[in-house]
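Structure first, commentary second.
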Amino acid sequence: MKYEFSTIEKKWQAYWEKHNTFISGDNADKPKYYVLDMFPYPSGTGLHVGHLEGYTASDITARYKRSCGYNVLHPMGWDAFGLPAEQFAIKTGTHPKTTTENNIRSFKETLQAMGFSYDWQREINTTDPGYFKWTQWIFLKLYDMGLAYMSEVDVNWCEELKTVLANEEVEEKIAEGHTVVRRPLRQWVLKITAYADRLLADLEELEWPDNVKQMQRNWIGRSEGVNIDFELPCHKQKLRVYTTRPDTLFGATYLVISPEHPLAKKLATATQLILVKDYIRQATLKTELERTGLQKEKTGVFTGSYAINPATGKPLPVWISDFVLTSYGTGAIMSVPAHDSRDWEFAKQYDLPIIEVIKSPHNVQEKVFEDKDSVCVNSSNSEISLDGLKFCDAFENMASWLETHKLGERKVNFKLRDWIFSRQRYWGEPIPIKHYDDGSIRLETSLPLVLPEVEAYHPSSTGESPLANIPHWLFGTDEHGPFRRETNTMPQWAGSCWYYLRFIDPDNNVQLIDPEKERYWMNVDLYIGGAEHAVLHLLYARFWHKVLFDLGVVSSKEPFKKLFNQGMILGEDNEKMSKSRGNVIPADHVLERYGADAVRLYEMFLGPLEQVKPWNTNGIEGISRFLSKVWRLIYPENAMQAALLTDEEMPDELLRRMHKTVKKVSEDTENLKFNTAIAEMMIFVNELHKTGCKNRNAIETLIIILAPYAPHIAEELWEAIGHNSSVNSRPFPLFDPNLVEDSLLTIAVQVNGKLRGTFIAPAKSQKETLLTEAKKVKSVIKFLEGQTIVREIVIPDKLVSFAVK
RNA sequence: GCCGAAGUGGCGGAACUGGUAGACGCCCAGGACUUAAAAUCCUGUGUUCAGCAAUGGACGUACGGGUUCGAUUCCCGUCUUCGGCACCA
């Protein structure tokens, strides 16, 4: 019989479906294991081999864990709201729903053809009203908790297109000749900053890759500093700045405020007013990108006003510059050009004084000195002296001095901003809010609030979403009077913020999730997905989870216990797969040509899961050969019937090889090192062929450990050797620790660190025996002759090393 | 610029905690089977030098140093690639 993967794979996929093999029951007595993929956006371009990598890894884990006796939850769903379907709708008039449904069908077909063991009864779709009802419900809770609010936010506004642009779109539109301005617009914002401390602190307990944790830490960007108030002699107000270096206050020689600072115009003196106004106008015309983007020469304008340095009593000129960010700290800074490169640059540009207050190894007039581990100098007045102190003490002393004199206070700041949550789009969850004529707001509590049918998907002329064009949906009246609905929809992140919970209880109509089921299944034990979600998705989801925790909906502080980022698969040309490069390897092509088992194995054999690695179509041939070899163990060349298995004892060496293989495969699978697990199975199969062994134990062991990786061929062969139940229900074999070591070992002999020979010795030989044997090795003798051995090193079972003179 | 990861044959990669570098696979070459091909099997395959050969020596894990009997592995410095952040005071 020949190995025909297409027949076999279809047969077993149908079998699993018919027998509900992968349906996970709740509340089983077994320990649970929840292994989750980052669910995909069902795009029109279909899946390519890169998408399948993470899914294959999670599927192997799911099957392995089942085999180890766990009750496994392994679901899949669709993150189906999103821009591409809407843009397609604008172009063609096809309803995004139709597009989405078609794409989902094709995605699902591919995933099923891969033989993934998802529990499809738990399939969810973020665009399903039964699902987004609860997304909206969470929004209402956020609103109740004061975590959702409306705010004027600076957005990129395109006058011609009457729409808000994402930062990524700005450059492109300008190139097309449009003007883009920064303009404040009322937007829904989520107060993620209220959770900044917890989001930072709870990272500690997570089994996540360090780089992801680090990225989140940087993104949250906690800093400890001091707000300092500077007296403005000609005004009644004070100017408040934020600094993390109060230890350098004596070196502050000027202040800078952002162009949007409320005092910017007020501080302009008559002679400077025109210049100031002009500068502010220029700044608003710049986009975020132009202002913060690639390093340019700093620009600025003097207001004409002065502020008093509370430490020195000297007047400091106040400048306006767009290098100071409005939205961070107080929107104003004190400049210490000697010890901050940005301030130094600005000082050089406008010829402002530079004063050394941290002992520097070079002249600070020529080069900035930013190190923190030197001591303060020139830093004293009649009340306080920082001279000779290092950063920590100087910081503390100055902060306390400022606080006792009511000149400032300690302040913790975060880089993290609140999350702009509204989109002027059609294809998203409507925000369930009603606006009344008197400007008041009420919640729409009758959920789900569904999307109306529209005829055109273009944004309205006012820059609102297409929903603003649908009067029968937009306007209504209730007991509080006539209202107009919120026309903004939620961003794509919303649906993916909590989907991992819904898999646990997908059909629940009365609750987001049943608490008992939640307690049983949460947390997600293993979450696999791409590194591109290291910050946003994972931060937003953690935020919502903490909100749900505060609401008592979930029982744990964090959703994802262990995270694993699979590395990207590049095209055969070693470049990122993309349509424009034409190097995309579509999943369906390789599936058709090589079959699911080969694709699954090859995806994993390519290299370490976390690594970026190129696809190589030649390589998959090797995997196909391996599968044929496995097949021929049962169906030798031209045999019509399965080979008869025997109960004869295996040769000792093969027995040890088998136990070694089981050990390596279980450990490597546990640690997601699938590439080396496969290599080990190859060695075992080669050995079985070489010895011609047909021992039942050996063959069955092989089939069981191969099953998580190549489930179809495993099922087929399992049946062929006389079983009538799925190999899936077989427990993963255990190994005998006494049999995983060879009985005879090759011992290396080194002379002065260089390998000079080897010899064979029984395992666990005595050190003395090994020494004696080593000295008898011919190739070693000539390097020892005429030399004095000054040291003899023996590593049992490994090597003997001589140091000679 | 800052943070993080990595650099090993022609190629993808392997190597436990400092102990025989190159497992496994691809490619390539030679051979067996075959009328032939496919498939399969066997052998070889880091570089280099000596030798007809068996074999033996030197070099070799980005580069330069160091620690050690011994370094892909630890330490210092340099370079390159990738990912993230990018005036956050």
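It should be emphasised that the depicted structure is a prediction, and the values quoted were computed from it without experimental measurement. Every chain is numbered from 1 and lettered A, B, ... according to where its sequence line falls, protein lines coming before strand lines.
Ring centroid separation for the pair Phe346(A) and Tyr254(A) comes in under the 6.0 Å cut-off.
Computed from coordinates, the Gln216(A) CD to rC85(B) P distance equals 12 Å when rounded to whole Å. Remark: P of rA71(B) and CG of Asn752(A) are 11 Å apart, rounded to the nearest angstrom. The separation between Asp371(A) atom CG and rC2(B) atom P is 11 Å, rounded to whole Å. Per the geometry, CG belonging to Asn565(A) stands 12 Å off P belonging to rG84(B), to the nearest Å. Atoms CD1 (Ile678(A)) and C1' (rA14(B)) sit 14 Å apart, rounded to a whole Å. For the pair Phe684(A) CZ and rA23(B) C1', the interatomic distance rounds to 17 Å; values are reported in whole Å. Across the protein-nucleic acid pair, Leu627(A) atom CG and rA39(B) atom P stand 16 Å apart, rounded to whole Å. Counting to the nearest Å, the P atom of rA89(B) and the CG atom of Asp247(A) are 13 Å from each other.
Taking atom C1' in both rG46(B) and rG10(B), one finds a spacing of 10 Å when rounded to whole Å. Taking the C1' atom of each, rU68(B) and rC11(B) are spaced 35 Å apart, rounded to whole Å. rG25(B) and rU35(B) are spaced 34 Å apart, taking the C1' atom of each and rounding to whole Å.
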For nucleotides 15-21 of chain B, list the nitrogen or oxygen atoms of the protein found under 3.5 Å from its nitrogen or oxygen atoms, one pair per line.
residue: rC16(B); atom: N3; partner: Lys798(A); partner atom: NZ; Å: 3.4
residue: rC16(B); atom: N4; partner: Lys798(A); partner atom: NZ; Å: 3.3
residue: rG19(B); atom: N2; partner: Gln750(A); partner atom: OE1; Å: 2.8
residue: rU20(B); atom: O4; partner: Thr746(A); partner atom: O; Å: 3.1

Protein-nucleic acid N or O pairs under 3.5 Å, nucleotides 41-49 of chain B:
residue: rC41(B); atom: OP1; partner: Arg632(A); partner atom: NH2; Å: 3.2

Could you write out each protein N or O paired with an N or O of nucleotides 75-79 of chain B at a distance under 3.5 Å?
none

Pairs under 3.5 Å (N/O, protein and nucleotides 58-62 of chain B):
residue: rA58(B); atom: OP1; partner: Arg756(A); partner atom: NH2; Å: 3.2
residue: rA58(B); atom: OP2; partner: Arg756(A); partner atom: NH1; Å: 3.3
residue: rC59(B); atom: OP2; partner: Lys754(A); partner atom: NZ; Å: 2.8

Restricting both atoms to N or O, compile the protein contacts to nucleotides 6-12 of chain B shorter than 3.5 Å, with distance only.
residue: rG12(B); atom: O2'; partner: Leu606(A); partner atom: O; Å: 2.5

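Within the 3.5 Å criterion, the main-chain N or O of Leu633(A) finds a donor-acceptor partner in the side chain of Lys694(A). Between the side chain of Ser578(A) and the main chain of Arg581(A), a donor-acceptor pair closer than 3.5 Å is present. Judged by distance alone, with hydrogens and angles left aside, the side-chain atoms of Asp229(A) form no donor-acceptor pair with the main-chain N or O of Gly408(A) at under 3.5 Å. Between the side chain of Asp797(A) and the backbone N or O of Lys764(A) there is at least one donor-acceptor pair closer than 3.5 Å.
Residue Asn686(A) is in sugar-phosphate contact alone, with no base atom involved, counting any heavy-atom pair closer than 4.0 Å across all strands shown. Across all strands, Ala803(A) comes closer than 4.0 Å only to sugar-phosphate atoms, never to a base (heavy-atom distances). When heavy atoms are screened at a 4.0 angstrom cut-off, Asn675(A) is found touching the sugar-phosphate backbone but no base atom. Within 4.0 Å of Pro209(A), counting heavy atoms only, lies no atom of the nucleic acid at all.
By the side chain to side chain contact (heavy atoms under 4.5 Å, CB included) test, Pro796(A) pairs with Lys767(A), sequence neighbours left out. Shown here are the side chain to side chain contact (heavy atoms under 4.5 Å, CB included) partners of Asp668(A), two or more places apart in sequence or in another chain: Lys664(A), Lys673(A), Thr676(A), Ala677(A). Under the side chain to side chain contact (heavy atoms under 4.5 Å, CB included) criterion, Asn752(A) pairs with Ala803(A), Val804(A), not counting sequence neighbours. Applying the side chain to side chain contact (heavy atoms under 4.5 Å, CB included) test to Asp742(A) and every residue at least two apart in sequence or in another chain returns Lys660(A), Leu745(A). In this structure Glu224(A) satisfies the salt bridge (charged side-chain N to carboxylate O under 4.0 Å, His left out) test together with Arg222(A), sequence neighbours excluded.
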Can I get a per-line list of side-chain donor-acceptor pairs under 3.5 Å for residues 786-793 of chain A, giving both atom names and the distance, sequence neighbours left out?
residue: Glu792(A); atom: OE2; partner: Lys775(A); partner atom: NZ; Å: 2.8

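Here the side chains of Phe391(A) and Arg245(A) are in contact, with some heavy-atom distance below 4.5 Å. Here the side chains of Val740(A) and Arg656(A) are not in contact, with every heavy-atom distance at 4.5 Å or above. At a threshold of 4.5 Å between non-hydrogen side-chain atoms, the residues Thr330(A) and Asn227(A) count as touching.
Residue order along RNA chain B, read from the 5' end via each residue's closest nucleotide, puts Pro608(A) first among Arg791(A) and Pro608(A).
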Could you spell out the base pairing of RNA chain B as a dot-bracket line? Use Watson-Crick and G-U wobble contacts where both distances are under 3.5 Å, [ ] for crossing pairs, | for partners on a different strand. (((((((..(((......[....))).(((((.......))))).(((((....)))))..(((((..]....))))))))))))....
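Relative to the side chain of Ala679(A), the nucleotides rC26(B), rC24(B), rA89(B) differ in distance, and rC24(B) lies closest.
Glu653(A) CD: 12 or fewer foreign heavy atoms inside a 6.0 Å radius. Residue-environment remark: CD (Glu667(A)) exceeds the threshold of 12 foreign heavy atoms within 6.0 Å.
Considering only side-chain N and O atoms, Asn211(A) lies nowhere under 4.0 angstrom from the phosphate OP1 or OP2 of rG84(B). For rA89(B), the OP1/OP2 oxygens have a side-chain nitrogen or oxygen of Ser223(A) closer than 4.0 Å.
Between the side chains of Tyr3(A) and Ser624(A), not a single donor N or O lies within less than 3.5 Å of an accepting N or O. For the residue pair Asn218(A) / Lys415(A), no side-chain donor-acceptor distance below 3.5 Å is found, with atom types taken as modelled. For Tyr709(A) and Thr56(A), the side-chain atoms include no donor-acceptor pair closer than 3.5 Å. Thr193(A) and Asp418(A) form a side-chain donor-acceptor contact under 3.5 Å, judged by distance and modelled atom types alone.
rG9(B): glycosidic angle within 90° of 0, hence syn.
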